Participant: 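Got a structure for you, questions after.
Not measured: the values here are computed from a predicted model. Chain A is the first sequence line, chain B the second, and so forth, proteins listed ahead of strands; every chain is numbered from 1. Values reported hereafter were calculated over all heavy atoms of this structure, with side chains retained and with hydrogens, waters and symmetry mates removed.
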Amino acid sequence: MIALVDCNNFYCSCERVFQPELAGRPLVVLSNNDGCIVARSNEVKAMGIAMGSPLFKVRDLVRRHQIVVRSSNYSLYGDMSQRVMRTLEPLSPIVEAYSIDEAFVYLDGLKVDIMEHARLLRRTVLQHTGIPVSVGIGPTKTLAKAASKLAKSDPRHEGIFSVADPAARDVALERLAVKDVWGVGPRYARMLAREGIVTARALRDADLAWVRQKMTIGGMRTVLELRGQRCFHAEMEPPPSQQIVRSRSFGRAVESLEDLEQAVAMHASRAAEKLRGQHLAAGLASVFIATNRFKSDSPQYGNSITVKPAIPTDATNTLIACTLRGLRRIYRPGYAYKKAGVMLMDLTSATDAPQSLFAELQSPQSSSLDPTLDAVNRRFGPNTLRYAAVGFEHPWAMRRQFCSPRYTTCWNELPAVKVRV
DNA sequence: TCTGGGGTCCTAGGACCC
DNA sequence: TCTGGGGTCCTAGGACCC
């Protein structure tokens, strides 16, 4: 069996650990710029305030119910998450940290009473960290997730629910809405509802070939998992990242190229830090900017461009140089920009990249306006100049660059207001 | 003028997760 | 006035090569 250990209202619970007087009081934690509600205490959930609600839309409720409002503190949550995971580790041979607030705890091979062990997990995490958790138990990850939803649905379960028993499973899955199944998002839920499938049980019993056709291979795996067949296995160490994104909305819209340059340079530098933290090098760097998509009455513009360094790199100044060149090409004056970001892609192991180049970049004698280019050209010869902004190796790649909407689409000419980044 | 078959790589778009 | 920030996977189709 697998137990999913899920921290209740995680960010709110973390805040309460350090401010116990918040216990029992309605509490929300906000996203960046204090824009949206990203965590709600049970009291707030009971008021019907939805996850992701913009704060300004629920101001009245917040005032009326004296809801306590907190900005988010991600280093605190990351630290608390680690404490929870470390607490779980001695209690199971395999603990897979799935997200900041969830872990799959494998009970296979443990000679214990499963419900008793679930109570132990719950009690120990609460004692060691102060975080309340729910535990869902099932033979597959999807069923354990389903069980944890049910554990939270009724306080009489005291935070623990099991679908280990096949006979009880039918009743349990009948009670679970199909939209609450792991792997079924809003789009699939709507499609399934049109087909008359509204419960987890109905999805489990649906025709496999039909599911495969309508929901692709992932949907098929979900159904098999609901039937008790394991398709999603434990991943002990996370696979290396395929992309690294750093982006933020601005607190206030900006118009000037200089402001955007500052933001993009900062994002590039933070993204490069993340990159080096994972010992990776980036083969492509993308930069994107966008206006405020919620302001449908003001002119909209959004664009992105992908820039290719001559060689995969993890050097901050190279990545800043690339992204700033890209930015200058997509920047259009006269718009109120609300968001900017940098994405690093085509990631490879940094040990495969020529380290000495980076050593060279560190050295203070690089002097020209673009020390990165200097270093690259000294090392690889002047032809390496097809570096950065317009750097594509083949004529057809160049053509694609100018034809592909990804690189060139500007929405400001279109009647429909649509911003893509 | 019309016409093959097999393969790879890349991208866009759509879905999902937290 | 004020609306988050990361990620992944799958599929179809286009462009290329021989």
Side-chain angles (χ1 to χ4, degrees), chain A residues 4 6-7 10-11 28-39 50-59 62 69 71-72 74 77-78 81 97-103 141-142 145 179-192 212-222 231-232 235 238-253 267 270-271 274 278 283-284 286 288 290-296 298 304 306 308 336 338-347 392-401 403-407 409 418-421:
Chain A
L4 176 74
D6 190 346
C7 300
F10 184 54
Y11 297 169
V28 295
V29 175
L30 303 178
S31 66
N32 233 291
N33 293 326
D34 293 344
C36 288
I37 292 172
V38 295
M51 173 71 173
S53 310
L55 183 61
F56 74 91
K57 285 191 178 174
V58 293
R59 275 275 183 221
V62 168
V69 177
S71 296
S72 42
Y74 290 100
Y77 310 148
S81 174
Y98 170 66
S99 73
I100 194 165
D101 68 339
E102 287 167 278
K141 284 183 168 182
T142 305
K145 286 280 268 184
K179 72 172 171 51
D180 290 331
V181 172
W182 192 40
V184 177
R187 298 299 267 269
Y188 283 160
R190 243 179 294 148
M191 183 275 293
L192 290 168
R212 157 99 222 225
Q213 193 218 326
K214 291 286 195 178
M215 302 168 67
T216 79
I217 190 81
M220 195 176 90
R221 293 197 181 114
T222 295
C231 299
F232 306 127
E235 285 178 19
S241 296
Q242 302 191 22
Q243 56 177 228
I244 287 173
V245 179
R246 186 52 159 66
S247 74
R248 285 286 180 279
S249 298
F250 301 124
R252 185 171 302 157
H267 290 324
R270 293 274 181 278
K274 272 198 234 175
Q278 301 177 40
L284 292 171
S286 202
F288 57 90
T291 51
N292 189 345
R293 65 193 163 102
F294 295 103
K295 285 197 153 185
S296 49
S298 47
S304 75
T306 302
K308 179 178 184 167
K338 186 65 182 172
K339 185 170 182 163
V342 164
M343 186 189 298
L344 304 181
M345 296 161 296
D346 201 7
L347 307 184
F392 289 91
E393 296 177 39
H394 309 292
W396 54 264
M398 187 70 92
R399 200 166 60 240
R400 194 160 63 218
Q401 180 195 358
C403 297
S404 159
R406 174 182 181 123
Y407 295 108
T409 308
K418 186 180 181 194
V419 178
R420 293 194 40 244
V421 293

Participant: At under 4.0 Å, does any side-chain N or O of A/Lys339 touch on OP1 or OP2 of C/dG5?
Facilitator: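 Checking C/dG5 against A/Lys339, a side-chain N or O does come within under 4.0 Å of OP1 or OP2.
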
Participant: Can you check side-chain contact (heavy atoms from CB on, under 4.5 Å) on A/Ile37 and A/Leu30, steps first, answer last?
Facilitator: CA-CA 5 Å; A/Ile37 292 172; A/Leu30 303 178; 3.8 Å; yes

Participant: Tell me whether the side-chain N/O atoms of A/Lys338 come closer than 4.0 Å to OP1 or OP2 in C/dC2.
Facilitator: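 For C/dC2, OP1/OP2 do not have a side-chain N/O of A/Lys338 under 4.0 Å.
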
Participant: Just wondering, are more than 12 heavy atoms of other shown residues or ligands nearer than 6.0 Å to NZ in A/Lys179?
Facilitator: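 No, NZ of A/Lys179 has 12 or fewer neighbouring heavy atoms, counting only those of other groups under 6.0 Å.
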
Participant: Identify the heavy atoms of A/Ala271 and A/Val342 that sit nearest to each other, and give their distance.
Facilitator: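 Closest approach of A/Ala271 to A/Val342: CB-CG1, 4.4 Å.
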
Participant: Check whether any side-chain heavy atom of A/Val184 lies under 4.5 Å from a side-chain heavy atom of A/Met215, and answer yes or no.
Facilitator: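 Side-chain contact under 4.5 Å: yes.
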
Participant: Whole Å only: how far is the CE atom of A/Met343 from the P atom of C/dG7?
Facilitator: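 Distance, rounded to whole Å: 9 Å.
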
Participant: Between P on C/dG6 and CE on A/Met345, what's the gap in Å once rounded to a whole number?
Facilitator: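 Nearest whole value for this atom pair: 15 Å.
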
Participant: Measure from NZ on A/Lys145 to P on B/dC17 and round the result to the nearest Å.
Facilitator: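 Going from NZ in A/Lys145 over to P in B/dC17 covers 9 Å.
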
Participant: In whole angstroms, how far is the P atom of C/dG6 from the OH atom of A/Tyr11?
Facilitator: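 After rounding, the reported distance stands at 12 Å.
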
Participant: At under 4.0 Å between heavy atoms, what does A/Asp101 touch on the DNA or RNA strands: base, sugar-phosphate, or nothing?
Facilitator: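 Answer is sugar-phosphate: A/Asp101 comes under 4.0 Å of backbone atoms only.
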
Participant: Please tell me which of the listed nucleotides, B/dC16, C/dG4, C/dT3, lies nearest to the side chain of A/Val38?
Facilitator: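 Output: C/dG4.
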
Participant: Check whether any side-chain N or O of A/Ser72 sits under 4.0 Å from OP1 or OP2 of C/dG4, and answer yes or no.
Facilitator: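 No, A/Ser72 has no side-chain N/O under 4.0 Å of OP1/OP2 on C/dG4.
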
Participant: Rounded to whole angstrom, note down the P distance from B/dT3 over to C/dC18.
Facilitator: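 It comes out at 24 Å once rounded to the nearest Å.
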
Participant: Kindly determine whether A/Ser241 and A/Leu347 satisfy side-chain contact (heavy atoms from CB on, under 4.5 Å), including the steps that lead there.
Facilitator: CA-CA 7 Å; A/Ser241 296; A/Leu347 307 184; 4.2 Å; yes

Participant: Answer with base, sugar-phosphate or nothing: what part of the nucleic acid does A/Arg59 contact at a heavy-atom distance below 4.0 Å?
Facilitator: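 Nothing: the residue A/Arg59, judged by heavy atoms under 4.0 Å, touches no strand.
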
Participant: Look for any protein N or O under 3.5 Å of an N or O in nucleotides 8-12 of chain C and output each such pair with its distance, or none.
Facilitator:
| unit_1 | atom_1 | unit_2 | atom_2 | d |
| --- | --- | --- | --- | --- |
| C/dT8 | OP1 | A/Gln242 | N | 3.0 |
| C/dC9 | OP2 | A/Gln242 | NE2 | 2.8 |
| C/dC10 | OP1 | A/Arg221 | NH1 | 3.3 |
| C/dT11 | OP1 | A/Arg212 | NH2 | 2.9 |

Participant: If only side-chain N and O atoms of A/Ser247 are considered, is one of them under 4.0 Å from the OP1 or OP2 phosphate oxygen of C/dG4?
Facilitator: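 Checking C/dG4 against A/Ser247, no side-chain N or O comes under 4.0 Å of OP1 or OP2.
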
Participant: Pick base, sugar-phosphate or nothing for A/Leu30, based on heavy-atom distances below 4.0 Å to the nucleic acid.
Facilitator: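 Here A/Leu30 touches no strand at all.
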
Participant: Are OP1 or OP2 of C/dG5 and a side-chain N or O of A/Lys274 less than 4.0 angstrom apart?
Facilitator: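 Checking A/Lys274 against C/dG5: no side-chain N or O falls below 4.0 Å of OP1 or OP2.
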
Participant: For A/Ser81 versus A/Ser99, what's the shortest heavy-atom pair and its separation?
Facilitator: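 Of all heavy-atom pairs spanning A/Ser81 and A/Ser99, the closest is OG-O, 4.5 Å.
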
Participant: Do side-chain atoms of A/Lys339 reach the backbone of A/Ala253 as a donor and acceptor pair under 3.5 angstrom?
Facilitator: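 Side chain of A/Lys339 to backbone of A/Ala253, a donor-acceptor pair under 3.5 Å: no, none is there.
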
Participant: Calculate the interatomic distance between A/Gln278 atom CD and C/dG7 atom C1'; express it in whole Å.
Facilitator: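 That distance rounds to 11 Å.
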
Participant: Provide the closest heavy-atom pair for A/Asp34 versus A/Ser71 in the form atom of the first, atom of the second, distance.
Facilitator: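 Answer, listing the atom of A/Asp34 first, then A/Ser71: OD1-OG, 2.8 Å.
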
Participant: Mind checking if A/Val181 touches a base, just sugar-phosphate, or nothing, with heavy atoms under 4.0 Å?
Facilitator: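 The answer is sugar-phosphate, as A/Val181 gets under 4.0 Å only of primed atoms, P, OP1 or OP2.
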
Participant: Would you write the dot-bracket representation of DNA chain B, where each base gets (, ), [, ], | or . depending on whether it forms a Watson-Crick or G-U pair under 3.5 Å and with which partner?
Facilitator: ....||||||||||||||

Participant: Look at the side-chain N and O atoms of A/Arg248 and state whether any lies under 4.0 Å from the OP1 or OP2 oxygen of C/dG6.
Facilitator: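 Result: yes.
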
Participant: Measure CE/A/Met215 against C1'/B/dG14 and give the value in whole Å, please.
Facilitator: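 Rounded to whole Å, this separation is 13 Å.
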
Participant: Could you check how far CD1 of A/Ile37 sits from P of C/dG5, rounded to whole Å?
Facilitator: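 Between P of C/dG5 and CD1 of A/Ile37: 16 Å.
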
Participant: Would you say A/Lys274's side chain and A/Val245's backbone share a donor-acceptor pair under 3.5 angstrom?
Facilitator: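 Checking the backbone N and O of A/Val245 against the side chain of A/Lys274, a donor-acceptor pair under 3.5 Å is found.
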
Participant: Given that A/His267 and A/Phe294 both sit by DNA chain C, which one's nearest nucleotide is further toward the 5' end?
Facilitator: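 Taking each residue's closest nucleotide, the earlier one in sequence belongs to A/Phe294.
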
Participant: Could you state the CZ-P distance from A/Arg252 to C/dC2, rounded to the nearest angstrom?
Facilitator: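 To the nearest whole Å, that distance equals 9 Å.
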
Participant: State which of C/dC2, B/dC16, C/dG5 makes the closest approach to the side chain of A/Pro186.
Facilitator: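 Of the candidates, B/dC16 comes closest.
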
Participant: What nucleotide, of B/dA15, C/dG7, B/dC18, holds the atom closest to the side chain of A/Tyr188?
Facilitator: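 Out of B/dA15, C/dG7, B/dC18, the nucleotide with an atom closest to A/Tyr188's side chain is B/dA15.
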
Participant: With under 30° as parallel and over 60° as perpendicular, where do the rings of A/Tyr11 and A/Tyr77 fit, or are they tilted in between?
Facilitator: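 Judged by the thresholds at 30° and 60°, the geometry between A/Tyr11 and A/Tyr77 is parallel.
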
Participant: So if I take every side-chain heavy atom of A/Tyr98 and compare against C/dT3, C/dG5, B/dC18, which nucleotide ends up nearest?
Facilitator: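 From the listed options, B/dC18 comes nearest.
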
Participant: If I compare all heavy atoms of A/Ser286 with all of A/Met345, which pair ends up nearest, and what's the gap?
Facilitator: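 Taking A/Ser286 first and A/Met345 second, the nearest heavy atoms are CB-CE, 3.6 Å.
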
